[in-house]
Number of protein chains: 2
Amino acid sequence: MPPIREMLAETGITEQQWRVLRVLAEYGPQSSSTLASRASLLFPSLTRIAQTMHAKGLITLSRDEDDRRRQMIAITNDGQKIIDEKADRALEIVAEVKQRIGEDKYEVLLDILAQLDPDHAEGA
Amino acid sequence: MPPIREMLAETGITEQQWRVLRVLAEYGPQSSSTLASRASLLFPSLTRIAQTMHAKGLITLSRDEDDRRRQMIAITNDGQKIIDEKADRALEIVAEVKQRIGEDKYEVLLDILAQLDPDHAEGA
DNA sequence: GATATTTAATTCACATGTTAAATAATTTCA
DNA sequence: TGAAATTATTTAACATGTGAATTAAATATC
């Protein structure tokens with residue numbers, strides 16, 4: 001999404017990394033698989049993205065004590081800072097797109113998307 | 001699109017390469033830039049894809065005599081064969097998706113897509 | 001309790017997306 | 001005409017998509 005990319009340009013993160021931060025900020029620490037699903041990313045993609053984001057200091061990685069296969073991921077202060085700084089603007093952009101499409105068509109669009117791929121459906 | 005990828009699996013080509021073949025079959029030989037636009041591909045992507053497809057013997061490459069900067073691209077018999085073998089099935093898949101979404105919603109969807117990105121709008 | 005199976009992640013290999021920089025041929029114009 | 005600007009394409013560098021193979025930990029089962 002061009003306007004989102006534009007918004008993120010100065011932060012140096014991608015749209016996918018932005019989604020990862022949003023999910024972590026919303027749901028708290030979670031396993032790789034849960035995070036991948038919530039951020040609409042394939043597992044192998046998330047693995048790579050997590051490595052990049054860890055190197056950037058945006059997330060922390062640790063192993064679940066009860067099940068050491070599980071990779072637990074959490075947001076750092078630096079990661080949260082990006083969310084805090086850009087959340088408002090992101091909402092604006094979504095509102096703009098929604099308005100440009102029109103309320104009615106937007107509803108239909110969400111409906112179609114949910115129908116084509118139920119797993120990606122938003123809670124809204 | 002999963003069902004299209006499934007259809008193409010045995011041919012060894014990707015969805016993007018399928019789009020390139022379809023455009024070449026429909027419009028005939030054309031320049032890289034025209035082809036990229038019609039196939040909804042970024043120019044650098046098309047350059048790489050064309051190299052791959054040329055190596056596979058699916059397209060031919062030549063320079064425009066009037067303007068040697070222009071890369072002209074045409075489909076080969078092997079490329080056309082893939083189109084001939086899969087065109088019917090592709091139409092079926094599109095029809096299935098259309099039916100699954102529903103005529104009305106499908107119309108709205110095309111409308112939204114055209115509105116969000118006029119350049120990608122289909123002639124239909 | 002040791003082996004087989006399953007599960008969670010990771011790694012690989014190849015393909016495309018994306019932006020910026022570099023080339024090369026053509027056109028403009030002083 | 002010859003340097004400057006423009007245009008068409010290519011190349012480069014990095015990121016994600018995708019499907020298959022691999023690894024490591026946990027669970028099942030005999």
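Convention: sequence-line order gives letters A, B, ...; per-chain numbering from 1.
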What's B:E6 touching, base or sugar-phosphate or nothing? Going by heavy atoms closer than 4.0 Å. nothing

Each nucleotide of nucleotides 14-21 of chain D classed B (base within 4.0 Å of a protein heavy atom), S (only sugar-phosphate) or -, in 5' to 3' order, makes -SBBBBB-

Distance check needed: C:dT18 C1' versus A:I4 CD1, whole Å only. 16 Å

Taking N or O atoms only and anything under 3.5 Å, show me the protein contacts with nucleotides 6-9 of chain C, one pair per line.
unit_1, atom_1, unit_2, atom_2, d
C:dT7, O2, A:R69, NH1, 2.7
C:dA9, OP1, A:Q71, N, 3.2
C:dA9, OP2, A:S33, N, 3.3
C:dA9, OP2, A:S33, OG, 2.8

Rounded to whole Å, how long is the line connecting atom CG of A:D66 with atom C1' of D:dT27? 15 Å

Distance, rounded to the nearest Å, where B:D64 contributes CG and D:dT7 contributes P: 17 Å

Distance only, no hydrogens: is a donor on one side chain within 3.5 Å (strictly under) of an acceptor on the other, for B:S31 and B:T34? yes

Please determine whether residues A:I73 and A:I83 belong to a single hydrophobic cluster, defined as Ile, Leu, Val, Met, Phe, Trp and Tyr linked transitively by side-chain heavy-atom distances below 4.5 Å. yes

Output yes when a side-chain donor or acceptor of A:Q71 lies under 3.5 Å from a complementary backbone atom of A:S62, and no otherwise. yes

The complete set of salt bridge (charged side-chain N to carboxylate O under 4.0 Å, His left out) pairs with one or both residues in residues 35-56 of chain B, sequence neighbours excluded, reads none

Show me, pair by pair, the donor-acceptor contacts under 3.5 angstrom made by side chains of residues 90-101 of chain B, not counting sequence neighbours?
unit_1, atom_1, unit_2, atom_2, d
B:E92, OE1, B:R89, NH1, 2.8
B:E96, OE2, B:R89, NH1, 3.4

Are any of the side-chain nitrogens in B:K105 or A:E107 under 4.0 Å away from the carboxylate oxygens of its partner? no

For A:Q80, check side chain to side chain donor-acceptor pair (under 3.5 Å) against everything at least two apart and list the hits. A:D84

List the residues meeting side chain to side chain donor-acceptor pair (under 3.5 Å) with B:R5, not counting sequence neighbours, and say none if there are none. B:E15

